[in-house]
Amino acid sequence: MPLVDIEVIEGVFDEDQKAQMIEKVTNAMVEVEGEAMRGVTWVRVKEVRSGQWGIGGNTPSAADIKAMAAG
């Protein structure tokens, strides 16, 4: 049984976006492993609280990440 963990920053992605991640990652795994693995492919989306992760030595907030994504 494959298990895929996706870690995201809490508050950046809404429930629909997280559901899309699960669906698309599952589909990618099935492409590699075959359709028989769909029912046993686990995908977990884990949210990490702001201040509990960093990039480049900084601890940006969810708002900072959304601003970066907006361009």
Side-chain angles (χ1 to χ4, degrees):
M1 285 190 301
L3 170 61
V4 180
D5 284 332
I6 303 169
E7 293 194 36
V8 298
I9 297 96
E10 185 177 56
V12 174
F13 298 97
D14 63 29
E15 295 304 311
D16 183 58
Q17 291 171 313
K18 289 184 275 187
Q20 287 181 46
M21 288 178 209
I22 292 168
E23 179 183 359
K24 291 180 180 191
V25 169
T26 299
N27 289 341
M29 294 301 294
V30 168
E31 278 186 43
V32 172
E33 300 179 323
E35 189 62 40
M37 296 302 286
R38 182 176 300 278
V40 295
T41 298
W42 295 46
V43 181
R44 300 185 298 187
V45 178
K46 299 178 175 184
E47 292 188 302
V48 179
R49 286 188 317 216
S50 184
Q52 300 297 308
W53 66 279
I55 183 170
N58 300 304
T59 55
S61 68
D64 295 331
I65 297 302
K66 286 181 179 181
M68 289 170 55

Applying side chain to side chain contact (heavy atoms under 4.5 Å, CB included) to Asp16 and not counting sequence neighbours gives Asp14, Gln20

Starting from Met1, can I reach Met37 by hopping between I/L/V/M/F/W/Y residues whose side chains sit under 4.5 Å apart?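 Cluster IDs for Met37 and Met1 match.
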
Test of understanding: with salt bridge (charged side-chain N to carboxylate O under 4.0 Å, His left out), list the residues that count as partners of [X], not counting sequence neighbours.
X: Glu10; answer: none
X: Asp5; answer: Arg44, Lys46
X: Glu7; answer: none

Salt bridge (charged side-chain N to carboxylate O under 4.0 Å, His left out) contacts in which one or both residues fall within residues 49-69, not counting sequence neighbours: none

Salt bridge (charged side-chain N to carboxylate O under 4.0 Å, His left out): pairs with one or both residues in residues 21-35, sequence neighbours excluded: Glu35-Arg38

Using a 4.5 Å cut-off between side-chain heavy atoms of Ile, Leu, Val, Met, Phe, Trp and Tyr, which other residues end up in the same hydrophobic cluster as Ile6? Val4, Val8, Ile9, Val12, Phe13, Met21, Ile22, Val25, Met29, Val43, Val45, Val48, Trp53, Ile55, Ile65, Met68

Ser61 and Ser50: which non-hydrogen atoms are nearest, and at how many Å? CA-OG, 3.4 Å

I'd like to check the side-chain hydrogen bond (donor to acceptor under 3.5 Å, both in side chains) partners of Glu15; sequence neighbours left out, ordered by chain and number. Lys18

